[in-house]
Structure formats: C-alpha cells, structure tokens
Amino acid sequence: MPRKIFRRWLPDPQQITNHRGLRWLGPAIADPYLFHINRTSVSKSFLIGVFCCYLPLPGQTLIAALLALSFRSNLPLAVALIWISNPVTMPAMFYLSYKFGTWVLGTPESSNFNFELSWDWVVAQGSNIILPLFTGSLIFGLVLGLSSFFVIRYLWRWKVIKNWEKRKAFRLQRREQNLGVSTPRE
C-alpha cells in the first residue's frame, strides 16, 4: 500500500509535536490530520509543497507549513517537498520561470545583466526581473502543483485497486486449492 512507502520516509508525529522549536504552535501542531497518510492528505501535501518550492521568496518552508496547517494536509510531507528547490536546482527553476514570465507578459528580457553585489543593482534590476519571475513562478507552481495532486491521487487509487485484485486472485486460488484437496465426508 502507498501508505507504507510514505511512513518509511516521514518522521514520527510524536517527534514533531514534542520538538522544542514547534511548541509555540500549541494545539495547532497536535491536530492528527496533519500527520495522516491517506490519498487526500498526501495529494494535498504534494500540491502545497510543489507550489511553494516555486515561490521565489525566502521562507518557503514557513509558507508551506502554514498552508498545510490551514488545509489540514500532511505537514512533514509538505515541508519536505520544499527541498525540490535546493541550491542545485533553484537557479534553473527560477531562470525558466523568469523566461516563461517574460513570454507570458510579453516583456523583453533584461539584456544588460551584469551582476553586482550592491543594493543599487538590486533596485535597478529588480523592477525588470521581479514581475516576470513571480508571474512565471506562480504559473509553474500552480500547474506543477495541481499536476502532482492529480498524479498522486491517480497513482494511489491505481495501487489500491491493484492490491485488491491481487488479494482477490489469491483468495480465488486458495479457495480452488481447498476445494480440490478436500476429501468427501461419509
């Protein structure tokens, strides 16, 4: 069952609720729905996690945690999926988001892109980059998040049906063996 796969990788709910850094959340973190591993909770967590990993903002983890709390999805999974955007993948993700955002908005790309580590550069380039980057990131996050939501729901259902069919075939086989082996009573 898919539940076993996720249980193997996710932390124990007791560890999370007893963590010193999360005690300030109080009863909100003690909600059992935040740790359920079922088709609905896992698919919502994939939607939240994949959407938030495309946000070009600091604090993606906090945003994902707050969304998981408000939508009552699996909190550890939603927060773990943020790491799709890690220091290795983030430049490519945000560059593609920026390129897509410029295409959607019909704005020209920034041609003189000479990076400087100064506040003046951030202010000057920020006005050219921020809107296309946010537009592309939001679209990619929504499309890929919704896609992952539906793919997880479909795969989970497919696996459950496959397990049912396997159990049904096993029961039929066992029944046939029992009928063929049994001796008639006198």
Side-chain angles (χ1 to χ4, degrees), residues 6 9-11 13 15-17 19-31 33-37 40-153:
F6 288 106
W9 294 100
L10 292 176
Q15 287 177 324
I16 295 171
T17 55
H19 193 273
R20 265 188 351 206
L22 298 175
R23 286 191 192 141
W24 64 274
L25 290 170
I29 195 77
D31 185 3
Y33 284 107
L34 298 177
F35 304 102
H36 277 199
I37 300 175
T40 303
S41 181
V42 169
S43 58
K44 282 195 287 188
S45 294
F46 266 82
L47 170 64
I48 291 168
V50 172
F51 172 74
C52 288
C53 83
Y54 269 91
L55 294 177
L57 299 171
Q60 295 170 328
T61 304
L62 180 63
I63 295 168
L66 292 173
L67 286 172
L69 284 170
S70 64
F71 288 106
R72 298 177 80 189
S73 70
N74 190 294
L75 176 67
L77 184 59
V79 170
L81 285 168
I82 293 301
W83 285 97
I84 292 171
S85 66
N86 55 56
V88 174
T89 61
M90 197 178 292
M93 289 171 58
F94 290 157
Y95 179 71
L96 289 174
S97 296
Y98 169 73
K99 294 284 275 185
F100 185 72
T102 58
W103 179 76
V104 167
L105 296 173
T107 59
E109 293 181 31
S110 181
S111 60
N112 56 350
F113 193 78
N114 298 327
F115 180 74
E116 288 181 31
L117 192 57
S118 69
W119 184 249
D120 293 331
W121 180 87
V122 170
V123 171
Q125 292 296 323
S127 61
N128 298 333
I129 294 173
I130 289 177
L131 185 60
L133 177 63
F134 269 95
T135 302
S137 295
L138 288 176
I139 292 171
F140 275 173
L142 280 173
V143 169
L144 293 174
L146 285 170
S147 298
S148 66
F149 174 83
F150 290 115
V151 165
I152 291 297
R153 289 186 68 85

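Count residues from 1 along the sequence.
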Task: Donor-acceptor contact present, side-chain Ser41 to main-chain His36, <3.5 Å - done: yes

- [ ] Starting at OG of Ser97, measure out to CZ of Phe134 and round the result to the nearest 0.5 Å.
- [x] 11.0 Å

Open item on the list: Holding to side-chain hydrogen bond (donor to acceptor under 3.5 Å, both in side chains), I want the full list of residues that pass it with Ser85, two or more places apart in sequence or in another chain.
Closed with: Gln60

Open item on the list: For Val42 versus Ile152, what's the shortest heavy-atom pair and its separation?
Closed with: CG1-CG2, 3.9 Å

- [ ] Output the distance between atom CD1 (Ile139) and atom OG1 (Thr135), rounded to the nearest 0.5 Å.
- [x] 6.5 Å

Open item on the list: Could you measure the distance from the CG atom of Leu81 to the CZ atom of Phe51? Nearest 0.5 Å is fine.
Closed with: 14.0 Å

Task: Least distance between heavy atoms, Arg72 atom then Lys44 atom - done: O-NZ, 3.9 Å

Open item on the list: I need the minimum non-hydrogen distance between Cys53 and Ile82, along with the two atoms involved.
Closed with: CB-O, 3.6 Å

Open item on the list: Check the orientation of Phe140 and Tyr54. Use parallel for under 30°, tilted for 30 to 60°, and perpendicular for over 60°.
Closed with: perpendicular

Task: Where Val50 and Gly145 come nearest, the two heavy atoms and their spacing - done: CG1-N, 3.7 Å

Task: Straight-line distance of Leu67 CG to Leu47 CG, nearest 0.5 Å - done: 9.0 Å

Task: Rounded distance (nearest 0.5 Å) linking atom CG of Asn74 with atom CD1 of Ile37 - done: 6.0 Å

Task: With sequence neighbours excluded, residues passing side-chain hydrogen bond (donor to acceptor under 3.5 Å, both in side chains) with Ser73 - done: Ser45

- [ ] Measure the CD1-CG distance between Ile130 and Leu133 for me, rounded to the nearest 0.5 Å.
- [x] 8.0 Å

- [ ] Could you tell me which non-hydrogen atom of Gly136 sits nearest to which non-hydrogen atom of Phe100, and how far apart they are?
- [x] CA-CD2, 4.1 Å

- [ ] Indicate the atoms forming the closest heavy-atom contact of Ile84 with Met93, along with that distance.
- [x] O-SD, 4.0 Å

